[in-house]
Amino acid sequence: MIDLAVLRNDPDVVRASQIARGDDPSVVDQVLAADERRRSALTEFESARAEQKAMGRDVAKAQGDEKAALLARTKELAEKVKSLQAEADAAETAARELVMGIGNIPEPGVPAGGPDDFAVVKHVGTPRDFAAEGVTVQDHLAIGEGLRAIDMERGAKVSGARFYFLTGIGARLELAILNAAMNLAQERGFSPMITPTLVRPETMRGTGFLGKHADEIYYLEKDELYLTGTSEVALAGYHTDEILDLSDGPLRYAGWSACYRREAGSAGRDTRGIIRVHQFHKVEMFSYARPADAAAEHARFLETEEAMLQALELPYRVIDTAAGDLGSSAARKFDCEAWLPSQERWMEVTSTSNCTTFQARRLSIRERGEQGTSPVATINGTIGTTRWIVALLENHQQADGSVYVPPVLRPYLGGLEVLTPVA
RNA sequence: GGAGAGUUGACCGAGCGGCCGAAGGUGACAGUCUUGAAAACUGUUGAGGGCAACCCCCUCCGCGGGUUCGAAUCCCGCACUCUCCGCCA
């Protein structure tokens with residue numbers, strides 16, 4: 001939720017934000033009008049209520065006829081208070097719903113436009129010249145099947161399309177990546193967390209995932225629980241309704257969880273292999289920081305993601321996502337994209353968002369300041385997922401179908417330096 | 001699944017249907033005392049909202065309804081916590 005004060009004092013900032021995101025700028029005026037209605041309804045209710053309370057005190061003191069007369073009057077007033085309260089509540093709800101529909105205001109420097117209007121921040125590493133090396137490029141599934149690491153067919157048999165088994169070295173490889181990620185995060189001050197993956201509607205709504213992309217989320221109707229698509233949801237919900245002490249710096253968590261996504265809008269895309277699946281694992285960084293520190297924390301997240309990519313010796317680029325592709329909570333988002341040799345394109349492997357105070361305001365997560373409390377900032381970012389297996393297999397494949405293991409993963413694989421195909 | 005107990009401010013813990021946003025205590029902060037500290041004493045100490053702002057006013061005693069002129073207090077529903085029994089591991 002954006003700051004209503006900004007919207008009131010500086011509506012043009014919000015209009016510009018809406019335009020940059022490709023959203024409707026006229027909601028700003030709708031919100032202003034609704035807020036106006038809300039405040040006047042509230043004022044009316046409050047004065048009637050104050051009168052009622054004052055009269056109630058008189059009733060308590062009065063006796064006999066006097067009391068009977070007062071009671072008659074307060075009875076009328078009670079009706080009035082009730083209806084004014086209903087009006088005020090309705091106006092409140094209406095205004096709130098409108099405000100909730102507005103996305104976060106992008107940081108200065110974020111490119112305007114949609115998914116294709118990102119800015120490339122940098123390239124790191126160079127994709128291998130497989131032709132020059134005499135390697136015929138295989139895609140991750142072919143390599144993975146050669147290693148007996150990935151079994152899509154049985155995944156489909158058991159659970160349907162976009163499900164898979166990681167078998168043998170495949171399972172170990174995923175654990176290795178996630179453990180290495182967890183280890184790196186811990187070195188950088190993130191406290192390890194294993195989080196719930198089923199959350200209540202309030203939590204899902206609070207984190208801003210129930211907006212336009214609600215279709216992406218699995219919902220268990222009988223239990224009124226949502227399956228989370230990232231541990232960000234649980235980690236953001238963790239401190240809901242709390243007042244935090246950030247005097248020793250940001251609170252940093254590294255969440256490990258299964259992630260579930262319906263992939264409703266992506267039928268036909270990335271259908272081969274494990275690039276886009278309904279269930280995977282992820283290690284996610286999450287910080288609660290002072291708003292003034294949020295951008296620096298965000299930069300730290302990006303740097304940590306890059307450190308992980310570099311440790312895995314993967315060529316990648318960093319993009320600064322355009323406003324229209326930000327997601328409602330984010331004010332800025334950097335994605336790291338690893339090279340995907342089989343398709344000769346870049347593939348998103350990490351994503352880090354600075355949500356400024358947007359999530360915290362919805363979830364009522366604050367810190368105590370000189371004059372009362374104020375919402376904190378939240379930052380999230382990926383350091384490892386099942387999808388990284390794809391980048392790893394493809395970029396480190398050898399002519400004979402074996403796969404080079406970067407040193408950082410070896411301790412988690414019993415010292416293995418090369419993954420070799422099963423004959 | 002069955003039976004019972006509970007949910008009050010940072011924490012513990014009282015609370016009759018009518019100045020109860022809530023006694024008392026702990027903690028924290030400030031002051032007095034002290035060379036300094038401790039102890040003692042005194043005071044301050046919840047959140048959200050309305051108002052340009054102060055005063056002031058409103059809301060909040062797990063959540064949502066209801067009864068009532070008036071609800072932390074009575075009634076109903078839900079969530080969560082704890083105990084016991086059963087069942088499954």
Take the protein atom CZ of A:Arg200 and the nucleotide atom P of B:rA79, then report the distance between them rounded to whole Å.
-> 9 Å
Those residues that, when tested against A:His140, pass ring pair (Phe, Tyr, Trp, His ring centres under 6.0 Å) (two or more places apart) | none
With distance as the sole criterion, is a donor-acceptor pair present between the side chains of A:Ser231 and A:Lys282 under 3.5 Å?
-> no
Give a yes-or-no answer on whether the side chains of A:Glu46 and A:Thr43 include a donor-acceptor pair shorter than 3.5 Å.
-> no
With no hydrogens and no angle check, do the side chains of A:Tyr316 and A:Gln310 hold a donor and an acceptor under 3.5 Å apart?
-> yes
Please identify each residue that fulfils salt bridge (Lys or Arg N to Asp or Glu O under 4.0 Å) with A:Arg15, with sequence neighbours left out.
-> A:Asp12, A:Asp29
Using the P atom on both, measure B:rC87 against B:rG62 and round to a whole Å.
-> 36 Å
Euclidean distance for P, B:rG4 against B:rC78 (whole angstrom) = 14 Å
Write down the distance separating the C1' atoms in B:rG49 and B:rA38, rounded off to the nearest Å.
-> 44 Å
Just how far, in rounded Å, is P of B:rG9 from CG of A:Asp241?
-> 13 Å
Which value, in whole Å, describes the distance between the P atoms of nucleotides B:rA14 and B:rC74?
-> 16 Å
Paired runs of 3 or more consecutive Watson-Crick or G-U pairs involving RNA chain B, with both pairing distances under 3.5 Å, are B:1-7 with B:79-85, B:10-12 with B:24-26, B:27-32 with B:40-45, B:46-50 with B:56-60, B:62-66 with B:74-78
Between A:Glu313 and A:Tyr404, do the side chains contain an N or O donor and an N or O acceptor separated by less than 3.5 Å?
-> yes
A:Leu244 CG to B:rA10 P, straight-line distance once rounded to whole Å = 14 Å
Using the P atoms only, state how far B:rC29 lies from B:rG46, rounded to an integer number of Å.
-> 16 Å
Would A:Thr378 and A:Gln359 count as having a side-chain donor-acceptor pair, cut-off 3.5 Å?
-> yes
Closer to the 5' end of RNA chain B via nearest nucleotide, is it A:Gln52 or A:Glu92?
-> A:Glu92
Report each atom pair, protein N/O against N/O of nucleotides 51-53 of chain B, whose distance is under 3.5 angstrom.
residue : atom : partner : partner atom : Å
B:rC51  : OP1  : A:Arg39 : NH1          : 3.0

Check salt bridge (Lys or Arg N to Asp or Glu O under 4.0 Å) between A:Asp35 and all other residues, then give those that pass, not counting sequence neighbours.
-> A:Arg8, A:Arg38, A:Arg39
Please state the P separation for the pair B:rG27 and B:rA39 - nearest whole angstrom.
-> 8 Å
Separation of B:rG64 atom C1' from A:Asp89 atom CG, nearest Å, is 12 Å
For A:Trp256, which residues count as a ring pair (Phe, Tyr, Trp, His ring centres under 6.0 Å) partner, sequence neighbours excluded?
-> none
For A:Tyr238, all residues meeting ring pair (Phe, Tyr, Trp, His ring centres under 6.0 Å), sequence neighbours excluded = A:Tyr253
Can you name the salt bridge (Lys or Arg N to Asp or Glu O under 4.0 Å) partners of A:Arg410, sequence neighbours left out?
-> none
Would you kindly give the CD-to-P distance between A:Gln85 and B:rG70, to the nearest whole Å?
-> 11 Å
Among residues 74-81 of chain A, which contact RNA chain B at a heavy-atom distance under 4.0 Å?
-> A:Thr74, A:Lys75, A:Ala78
Are A:Glu87 and A:Arg37 ion-paired here, with the side-chain N under 4.0 Å from a carboxylate O?
-> no
Apply side chain to side chain donor-acceptor pair (under 3.5 Å) to the pair A:Gln18 and A:Asp24, showing each step before the final yes or no.
-> CA-CA 6 Å; A:Gln18 290 291 97; A:Asp24 181 5; over 6 Å; no
Side chains of A:Ser351 and A:Asp335: is there a donor and an acceptor less than 3.5 Å apart?
-> yes
Shortest non-hydrogen contact from A:Arg362 to A:Gly206?
-> CD-O, 3.1 Å
Nearest whole angstrom, please: distance from the P of B:rG50 to the CG of A:Leu42.
-> 8 Å
Using the C1' atoms only, state how far B:rC84 lies from B:rC11, rounded to an integer number of Å.
-> 29 Å
Check nucleotides 44-48 of chain B against the protein and report each pair of N or O atoms closer than 3.5 Å, with its distance, or say if there are none.
residue : atom : partner  : partner atom : Å
B:rA47  : OP1  : A:Arg368 : NH1          : 3.0
B:rA47  : O3'  : A:Arg366 : NH1          : 3.1
B:rA47  : O2'  : A:Arg366 : NH1          : 3.4
B:rG48  : OP1  : A:Thr373 : OG1          : 2.2

Are the side chain of A:Thr385 and the backbone N or O of A:Arg387 linked by a donor-acceptor pair below 3.5 Å?
-> yes
Looking at A:Lys82, does any N or O in its side chain come under 4.0 Å of the phosphate oxygens OP1/OP2 on B:rG66?
-> no
Taking only residues two or more places apart in sequence or in another chain, which ones pass ring pair (Phe, Tyr, Trp, His ring centres under 6.0 Å) with A:Phe286?
-> A:Tyr288
Can you check nucleotides 71-77 of chain B for protein contacts, nitrogen or oxygen pairs under 3.5 Å, and list what you find?
none

What interatomic distance, in whole Å, is found between P of B:rC19 and the corresponding atom of B:rU59?
-> 14 Å
